[in-house]
Each structure stands twice: as structure tokens, then as C-alpha cells.
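Positions are given from 1 along the sequence.
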Amino acid sequence: MKQRVYIFDTTLRDGEQVPGAKLNPEEKLVLAQQLEKLGVDVIEAGFPISSPQDFNAVKTIAESLNKATVCALARGLDADIDTAARTVENAAHPRIHTFISASDIHIEHQMRKTRDEVLKMVDHAVSRAKKYCDDVEFSPMDASRADIDYLIKFTKVAIDAGATTINLPDTVGYAIPEEWGAMCKRMVEEIPAFKDEVVMSMHTHDDLGLATANAIAGVANGARQIECTLNGVGERAGNCSLEEVVMIINSRYKDRFETGINTKELIPTSRMVASTMHLTVQANKAIVGANAFAHSSGIHQDGIIKMRENFEIIDPASVGAEGSAIVLTARSGRHALLYKLRSLGYEVDKEEVNNVYQHFLELADREKEVSDAALKEMMESIATHK
């Protein structure tokens with residue numbers, strides 16, 4: 001039987017921490033509605049105590065959605081938790097997410113507390129959130145740099161206080177898959193609640209380019225929720241990319257795991273996020289980039305024309321893309337050129353192929369990419385000079 005992996009989207013919270021990507025309440029609501037359409041299980045709508053505007057945005061989203069769980073973030077402070085509770089009190093499926101640091105570097109140099117003092121803070125924060133909401137998520141911040149024995153003790157305190165999800169953050173993007181997977185495995189082995197009623201979650205950052213790899217390593221070792229964002233947006237180098245983890249699960253782990261994501265909405269949602277946040281998606285971005293299904297090499301183009309699976313492991317239609325793209329450049333071959341010309345209504349006789357191809361190469365050497373209009377002009381010129 002397949003195991004469900006829950007998708008927790010934090011585009012509206014961590015994603016909004018990108019400089020220049022601030023969203024107003026109306027924009028947040030529109031994106032939240034699209035995330036629900038995408039099939040996201042949990043939407044972290046914001047950090048309510050951070051500003052009156054964010055308070056109103058989270059409250060509006062919580063009162064507008066019916067299917068997705070709406071989550072409000074709060075530090076492990078009474079005022080934060082009380083404020084978060086007010087924003088989700090009328091949600092169909094409310095969640096409060098609170099956090100306290102677990103690494104010695106944070107405990108000693110940022111919080112300036114002792115380990116025992118922090119454990120008391122954990123118990124208090126989760127217990128307070130639990131008074132308002134049955135669904136409480138707790139994060140031991142900087143888990144990837146925490147002492148594993150203390151992290152286990154820390155986590156048990158949170159679970160005993162009522163946490164229903166424990167989210168392990170790689171806050172500074174320090175983890176590597178081998179270590180991260182081993183950490184998740186040990187926690188599942190030593191904390192029986194993870195095998196039953198409590199969900200282990202992960203929040204991975206991309207400072208070393210390993211956010212997605214770490215998330216998948218976690219899932220393979222017992223985690224059942226992934227915190228991620230569309231297009232990988234987020235603090236510093238960004239977060240684990242929603243579209244990447246979903247398609248990895250769909251493509252490589254489909255016999256073991258499943259998500260509730262409607263993958264045909266991935267590219268439409270990606271484009272909406274990019275446009276609303278004014279953040280350009282790099283052309284070679286996996287799954288949603290402009291070149292994700294584009295082919296300019298002659299060998300690849302020939303293979304795609306004969307059978308798409310030769311050079312594509314994902315059907316473009318399955319993620320909402322228009323289809324594979326044959327892009328003509330100086331690296332393109334005869335098969336790709338003839339394929340493109342046929343799509344434009346031109347049939348080239350066998351004896352004319354070499355002549356037409358030589359004209360094409362001359363054109364391609366002058367242009368980075370040969371457009372349909374340029375091809376038509378070339379064919380008209382050839383016909384005129386016969």
C-alpha cells in the first residue's frame with residue numbers, strides 16, 4: 001500500500017521573505033486559492049504577529065478556504081501564539097505552527113539560555129497552542145546542527161505537550177542527504193509516536209543546493225510531510241521546490257508514496273507565483289522552467305521526434321506544459337529542420353534537403369535561435385532563386 005506524503009506549502013510565508021517579493025492580502029488570497037486548487041494539504045498563510053496586514057491576510061485566507069489546512073506561524077512566545085490563534089479560529093481546518101531553536105549555537109549565542117530552560121519553553125509553547133487548536137505543528141529550529149540526543153529529547157517534550165506534527169528544519173541549509181536521512185531514521189526508531197499518530201515533517205533550505213535531495217532522503221527514512229515552495233522561492237538561496245519533490249515522488253517513488261497534488265496545475269501555479277512575486281524563474285529550472293521541455297541539440301531532437309521518451313522522463317502535459325519544444329539553432333540537425341518546416345506547411349524533396357539545410361546553417365550561424373518567421377523568409381528566398 002502506498003504511503004501518503006503531505007505537501008505543506010510555505011510560499012506565502014517563507015517565500016514572501018525574498019527581498020522585493022512582498023504580497024498584499026488580496027494577492028495572498030488569490031495565490032492561496034490556487035494552492036488549494038493545486039491540491040496542497042497545508043498552506044502556511046503567514047506570520048500574523050509580524051504586521052497588521054499579515055494578520056488580516058492570514059485571517060481572510062483561513063476564513064475563505066474549505067479543503068486545505070490553513071496554518072499560522074508563531075514563535076514560541078505567548079503573544080505570537082495568541083495572535084496566530086485568532087487568525088485561524090474560523091478556519092475549516094486550522095493549524096498553529098510554533099518553533100524554538102534546538103541547536104547549541106542558537107541556544108547559547110542567540111537565545112542565551114540553557115538546554116533545560118529551552119525544554120521548559122518547548123512544553124509551555126506547545127501546551128499554549130494546544131489550548132487553541134488540536135492541530136499543532138512544532139519545529140525544533142536549526143535541527144540539522146543540533147545534538148541528536150538532545151534533539152530527540154526536545155522532540156519528545158513537544159509530543160508529550162500535544163504536538164501532532166514535528167517539523168525538522170534544516171534552517172541554514174547545512175544538511176547533506178546521507179546525514180539528514182540517518183537523522184530521520186534514528187528519530188523514527190527512537191520515538192514510537194512517529195510510527196503512529198505524529199507526523200514527521202521537514203523544512204529544507206537550498207544553501208548548498210541540496211534542499212530537494214534532503215527532503216527526499218527524509219521521506220525515504222520515515223518523514224511524511226514536506227515543507228516546500230513553488231519555484232523554490234524563499235529565504236536566502238530558497239526552499240525545497242514543491243514541483244521537484246512532487247515529480248520525484250511521482251516518477252521514481254510511485255510504488256511507495258503518493259501526494260494529493262494535481263500535477264497539471266504545477267506550471268499554471270508556478271507562473272502565477274512568479275508573476276505575482278515579480279520573481280523570474282530561471283530558464284533551466286526543473287519541471288517549470290522555460291527550457292524544461294525544450295530541445296535544441298540535433299541528436300536530442302531526432303530522438304524526441306521519433307519517440308518523446310527517448311529524451312524526456314516527464315510528459316509535459318502531466319505538469320501543465322504546452323508540450324515539447326523543438327528549438328532550431330546551429331546545433332540542430334536535418335530531421336529537426338524538416339520536422340519544423342512540415343509544421344509550417346513546407347515539404348522538401350529529398351534532392352533539395354542538403355541545399356535547404358545549408359541555407360539553414362548559414363541563417364542559424366547568424367541567429368541564437370531561428371524563428372518561424374525567419375524560416376518562412378528563408379524558404380521564400382530559396383523558392384525565388386530556383
Which atom of Ile326 lies closest to which atom of Tyr339, heavy atoms considered: CG1-CE2, 3.8 Å
From CZ (Arg13) to CG (Asn239), nearest 0.5 Å: 7.5 Å
Results of side chain to side chain donor-acceptor pair (under 3.5 Å) for Arg75 - residues two or more places apart only: Asp80
Any donor-acceptor pair under 3.5 Å from Asn231 side chain to Val281 backbone: no
Whether Thr98 side chain and Ala74 backbone form a donor-acceptor pair below 3.5 Å: yes
Residues, nucleotides or ligands: over 12 heavy atoms within 6.0 Å of Phe311 CZ: yes
From CA spacing to verdict: side-chain hydrogen bond (donor to acceptor under 3.5 Å, both in side chains), Thr10, Glu44: CA-CA 5 Å; Thr10 185; Glu44 189 165 55; 2.8 Å; yes
Donor-acceptor contact present, side-chain Asn291 to main-chain Ala294, <3.5 Å: no
Geometric class of the His97/Phe99 ring pair [parallel <30°, tilted 30-60°, perpendicular >60°]: perpendicular
Check: Arg115 main-chain N/O paired with Tyr150 side-chain donor or acceptor under 3.5 Å: yes
Check: Thr114 main-chain N/O paired with Glu117 side-chain donor or acceptor under 3.5 Å: yes
Validation row: Leu168, Met187 side chains within 4.5 angstrom (heavy atoms): yes
Closest approach of Lys195 to Val188 (non-hydrogen atoms, all atoms of both residues): CE-O, 3.3 Å
Ser64 and Leu29: CA distance, side-chain angles, deciding distance, side chain to side chain contact (heavy atoms under 4.5 Å, CB included) verdict: CA-CA 8 Å; Ser64 300; Leu29 177 59; 3.8 Å; yes
Atom pair CG (Asp142) and CG (Asp104), whose distance is rounded to the nearest 0.5 Å: 10.0 Å
Check: Phe8 main-chain N/O paired with Gln225 side-chain donor or acceptor under 3.5 Å: no
CD1 (Ile299) with more than 12 external heavy atoms under 6.0 Å: no
Under 3.5 Å donor-acceptor, His278 side chain and Ala274 backbone: no
Test side chain to side chain donor-acceptor pair (under 3.5 Å) applied to Glu63 - qualifying residues, sequence neighbours left out: Lys59, Asn90
Carboxylate-amine/guanidinium contact Arg236 Asp206, below 4.0 Å: no
Candidate pair His93 and Asn66, rule side-chain hydrogen bond (donor to acceptor under 3.5 Å, both in side chains), full reasoning: CA-CA 8 Å; His93 308 286; Asn66 297 312; over 6 Å; no
Side-chain heavy atoms of Lys285 within contact of Glu244, under 4.5 Å: yes
Hydrophobic cluster identity match, Met379 and Leu361, side-chain contacts under 4.5 Å: yes
Between Phe47 and Phe55, ring centroids under 6.0 Å: no
Pairwise distance OG(Ser318) to CD1(Ile267) - rounded to 0.5 angstrom: 8.5 Å
Non-hydrogen side-chain atoms of Met121 and Lys113 separated by less than 4.5 Å: yes
Spacing of Ile261 atom CD1 and Asp41 atom CG [to the nearest 0.5 Å]: 6.5 Å
N/O donor-acceptor pair under 3.5 Å between Lys130 side chain and Val136 backbone: no
salt_bridge(Asp123, Arg128) N-O dist < 4.0 Å: no
Shared hydrophobic cluster, Ile216 / Val5 (ILVMFWY, side-chain heavy atoms < 4.5 Å): yes
Separation between CZ of Phe293 and CZ of Arg308, rounded to the nearest 0.5 Å: 8.5 Å
Heavy-atom check, side chain of Leu210 versus side chain of Pro177, under 4.5 Å: yes
Glu258 side chain vs Lys2 backbone, donor-acceptor pair below 3.5 Å: no
Minimum side-chain heavy-atom gap Phe138-Asn167 below 4.5 Å: no
Atom pair CD (Glu369) and OG1 (Thr329), whose distance is rounded to the nearest 0.5 Å: 8.5 Å
Mutual orientation of the aromatic rings belonging to Phe257 and Tyr253 [parallel < 30°, tilted 30-60°, perpendicular > 60°]: tilted
Val319 with Leu38, same ILVMFWY side-chain cluster at under 4.5 Å: yes
Minimal non-hydrogen separation, Ser101 against Gln110, with atom names: OG-OE1, 4.3 Å
Arg95 backbone acceptor or donor facing Asp135 side chain under 3.5 Å: no
Co-membership, hydrophobic cluster, residues Leu363 and Val353, 4.5 Å side-chain: yes
Heavy-atom check, side chain of Ser139 versus side chain of His203, under 4.5 Å: no
